[in-house]
*Asks:* 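So that we are looking at the same thing, I have put the structure below in structure tokens.
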There are 2 protein chains.
Amino acid sequence: MGISERKEREKTEMKQLIMSAALKMFLEDGYAKTSIRNIADAIEYSPGTIYLYYKDKDELLYEVQGLAYGELLTAFKKNATSTNPVEKLVQIGKTYVNFGLDNPELYDLMFIIRAPMNVDETIHKDNGDQTFDFLTDCLKECISQNLLRLKDVNMGALQVWSMSHGMVSLNLRCRLKIMEMTEDQVRETLAASIENYIASITL
Amino acid sequence: MGISERKEREKTEMKQLIMSAALKMFLEDGYAKTSIRNIADAIEYSPGTIYLYYKDKDELLYEVQGLAYGELLTAFKKNATSTNPVEKLVQIGKTYVNFGLDNPELYDLMFIIRAPMNVDETIHKDNGDQTFDFLTDCLKECISQNLLRLKDVNMGALQVWSMSHGMVSLNLRCRLKIMEMTEDQVRETLAASIENYIASITL
DNA sequence: CAAATATACTGAACACTGTTCAGTATATTT
DNA sequence: AAATATACTGAACAGTGTTCAGTATATTTG
């Protein structure tokens with residue numbers, strides 16, 4: 001019988017409806033300022049309904065994070081295409097930083113917001129791992145071609161990620177205000193710093 | 001008349017009472033999970049009383065931040081004492097990272113938590129600037145002695161701070177779980193990475 | 001010293017939050 | 001047509017930051 005299939009379809013459609021409304025509001029107002037009631041209002045359902053499709057607000061977050069990790073990977077694949085692995089590494093760094101500057105609320109919810117890290121939620125881990133692998137693969141290539149001072153992939157990944165994340169998150173929290181720059185200057189300086197940093201670790 | 005002076009004294013004592021209770025609870029349970037009512041209960045006053053001494057919860061945060069920036073500066077002065085500016089730079093980085101790992105809730109509230117950045121609140125800006133200057137002064141020394149590949153103090157400060165902050169904050173948000181390390185390994189790896197990074201930018 | 005005033009504090013109330021769940025209305029199966 | 005299963009509601013619960021009329025105490029004034 002096709003009824004149960006239609007029901008299944010309706011269920012995923014409903015999840016998508018909730019998800020798209022939630023995502024839109026997260027991007028506009030941020031995760032914290034978006035309430036379940038607001039989301040419910042937006043899709044013209046009662047608050048309780050959302051809990052029939054998502055266990056709690058965190059589960060909405062996890063799904064958005066998974067999607068966002070995927071988007072970041074897409075950005076990497078689009079922008080970090082150099083065949084020179086060191087150049088590619090620079091492209092990865094710049095793409096990461098620009099992604100954060102261009103999507104502040106998304107970046108916030110991907111990497112800064114406090115929420116119990118979920119272990120299950122396959123899309124989350126899968127996309128997260130794949131995105132991270134894009135970086136480590138590039139580093140492996142750099143190291144195997146003996147292009148970097150670094151010999152350890154993990155340490156390289158840690159450095160590049162920490163540097164990039166540090167730049168984005170300090171800027172998002174207005175901590176770079178101490179350096180008195182316009183928004184454009186921040187963008188330029190961050191890009192130049194990524195470039196300079198990778199030049200420094202290049203042999 | 002000594003009455004107004006006693007009143008003044010009582011007022012600062014009351015602020016201190018609130019502050020010390022708030023700080024204790026922030027460190028134990030985190031800023032977000034500490035409520036004004038909890039603080040009021042702890043000092044056996046009504047919630048409304050706290051608002052007679054602090055405009056809102058953010059103002060409590062700003063004061064704690066100011067104190068914490070001061071503490072970080074103290075840690076710098078204690079641990080980053082090398083006369084060799086590059087060595088000193090390494091000490092600053094390691095001290096920063098350890099400070100974050102040792103005081104996770106404090107670090108969270110200093111640099112990660114989302115709150116409208118306050119412009120006034122002198123202790124805040126003063127301590128923040130002084131702590132930042134400790135880093136820039138060291139970098140100026142490094143650069144003036146031509147010890148680094150870097151020639152721009154601002155870019156150096158940005159790199160060192162971003163790298164250190166990135167490491168601490170990614171770890172605090174469990175994002176380094178992807179690298180599968182024990183807590184001790186994380187500590188070692190972060191320290192080694194700081195060292196390795198500064199070695200890389202050293203001439 | 002008593003009355004008037006100033007100060008300190010209270011705690012109920014407001015408008016929110018995430019979450020739950022008995023009850024209802026609709027759809028499906030018997 | 002009756003019984004059952006599903007989907008949804010919206011009031012209720014316990015919590016949040018914040019405000020403010022009212023009270024109780026301390027100080028000043030006549």
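The sequence lines fix the lettering, A, B, ..., with proteins before strands; numbering per chain opens at 1. Values in this document were obtained by computation on a predicted structure and should not be read as measured data.
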*Asks:* May I have the distance from A:Ile39 (atom CD1) to D:dT9 (atom C1'), rounded to whole angstrom?
*Replies:*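 Spelled out: CD1 on A:Ile39 to C1' on D:dT9 is 18 Å.
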*Asks:* Is the positively charged end of B:Lys77 above the ring of B:Phe134, judged by distance under 6.0 angstrom from the centroid and angle within 45° of the axis?
*Replies:*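 The answer is no, since B:Lys77 fails at least one limit relative to B:Phe134.
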*Asks:* Using atom CD1 of B:Ile113 as one end and atom P of D:dG17 as the other, report the distance to the nearest whole Å.
*Replies:*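 In whole Å, D:dG17 P lies 12 Å from B:Ile113 CD1.
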*Asks:* Which nucleotide in the set D:dG17, C:dT10, C:dT19 lies at the smallest distance from any side-chain heavy atom of A:Tyr51?
*Replies:*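 Looking only at heavy atoms from C-beta outward on A:Tyr51, the closest nucleotide is C:dT19.
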*Asks:* Respond yes when some side-chain nitrogen or oxygen of A:Asn38 is under 4.0 Å from OP1 or OP2 of C:dT17, and no when none is.
*Replies:*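 So the side chain of A:Asn38 is within the cut-off, an N or O lying under 4.0 Å from OP1 or OP2 of C:dT17.
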*Asks:* Using the C1' atoms of five pairs at each end, what's the angle between the two axes of the helix from C:dC1-D:dG30 to C:dT30-D:dA1, to 10 degrees?
*Replies:*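 Here the helix ends are tilted 30° relative to one another.
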*Asks:* For DNA chain C, what residues of residues 53-67 of chain A have any heavy atom nearer than 4.0 Å?
*Replies:*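 Contacts with DNA chain C under 4.0 Å: A:Asp56, A:Lys57.
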*Asks:* Taking the six-membered ring for Trp, are B:Phe111 and B:Tyr69 ring centroids under 6.0 Å apart?
*Replies:*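 Yes; B:Tyr69 has its ring centre under 6.0 Å from that of B:Phe111.
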*Asks:* Measure the distance from OH on A:Tyr45 to C1' on C:dA25 and round it to the nearest whole Å.
*Replies:*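 These atoms are roughly 14 Å apart.
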*Asks:* Examine the side chains of B:Ser35 and B:Asn38 and answer whether a donor and an acceptor come within less than 3.5 Å of each other.
*Replies:*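 Distance-only check passes for B:Ser35 and B:Asn38.
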*Asks:* When the distance from CD1 of B:Ile50 to P of C:dG11 is rounded to whole Å, what number comes out?
*Replies:*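 Value for this atom pair: 14 Å.
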*Asks:* Heavy atoms from C-beta onward define the side chain here; which of D:dC8, C:dC9, D:dG10 lies closest to that of B:Leu52?
*Replies:*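 Shortest atom-to-atom distance from the side chain points to C:dC9.
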*Asks:* Parallel, tilted or perpendicular: which one describes the rings of B:Tyr96 and B:Phe76, with boundaries at 30° and 60°?
*Replies:*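 Aromatic pair B:Tyr96/B:Phe76 classed parallel.
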*Asks:* Taking atom C1' of C:dT7 as reference, at what distance in whole Å does atom CD of B:Glu10 sit?
*Replies:*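 Going from CD in B:Glu10 over to C1' in C:dT7 covers 11 Å.
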*Asks:* Does any donor-acceptor pair link the side chain of B:Arg37 with the base of D:dG17 at a separation under 3.5 Å?
*Replies:*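 Yes, the side chain and the base share a sub-3.5 Å donor-acceptor pair.
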*Asks:* Between the side chains of B:Tyr45 and B:Tyr53, does any donor sit under 3.5 Å from an acceptor?
*Replies:*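 No, no side-chain donor-acceptor pair sits under 3.5 Å.
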*Asks:* Between A:Asn196 and A:Ser193, is any side-chain donor less than 3.5 angstrom from a side-chain acceptor?
*Replies:*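 Not at all, the side chains of A:Asn196 and A:Ser193 share no donor-acceptor pair under 3.5 Å.
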*Asks:* Quickly work out the B:Glu44 CD to C:dT10 P distance and round it to whole Å.
*Replies:*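 To the nearest whole Å, that distance equals 10 Å.
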*Asks:* Is it the case that more than 12 heavy atoms not belonging to B:Glu28 sit under 6.0 Å from its CD atom?
*Replies:*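 Counting neighbours around CD of B:Glu28, more than 12 heavy atoms of other residues, nucleotides or ligands fall under 6.0 Å, so yes.
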*Asks:* Does the B:Asp152 side chain pair with the main chain of B:Met155, one donor and one acceptor, at a distance under 3.5 Å?
*Replies:*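 Such a contact is found between B:Asp152 side chain and B:Met155 backbone.
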*Asks:* In whole Å, what is the span from the CD1 atom of B:Ile18 to the P atom of C:dT10?
*Replies:*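 Nearest whole value for this atom pair: 10 Å.
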*Asks:* Considering heavy-atom distances to DNA chain C, does A:Lys33 or A:Thr49 have its closest nucleotide positioned more toward the 5' end?
*Replies:*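 The residue whose closest nucleotide sits nearer the 5' end is A:Lys33.
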*Asks:* Treating B:Gln65 as the side-chain partner and B:Leu109 as the backbone partner, does any N or O pair qualify as donor plus acceptor under 3.5 Å?
*Replies:*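 A pair under 3.5 Å: yes.
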*Asks:* Show your working on salt bridge (Lys or Arg N to Asp or Glu O under 4.0 Å) between B:Arg173 and B:Asp108 and close with a plain yes or no.
*Replies:* CA-CA 10 Å; B:Arg173 287 297 181 268; B:Asp108 208 332; 3.0 Å; yes
*Asks:* Tell me what B:Ser35 touches on the nucleic acid: a base, only sugar-phosphate, or nothing, going by heavy atoms under 4.0 Å.
*Replies:*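 Touches sugar-phosphate only.
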*Asks:* D:dT19 C1' sits how many Å from B:Ile36 CD1, rounded?
*Replies:*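 Rounding to the nearest Å, CD1 of B:Ile36 and C1' of D:dT19 are 13 Å apart.
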*Asks:* Does C:dT10 have its OP1 or OP2 closer than 4.0 Å to a side-chain nitrogen or oxygen of B:Ser46?
*Replies:*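 Answer yes for this pair, as a side-chain N or O of B:Ser46 is under 4.0 Å from OP1 or OP2.
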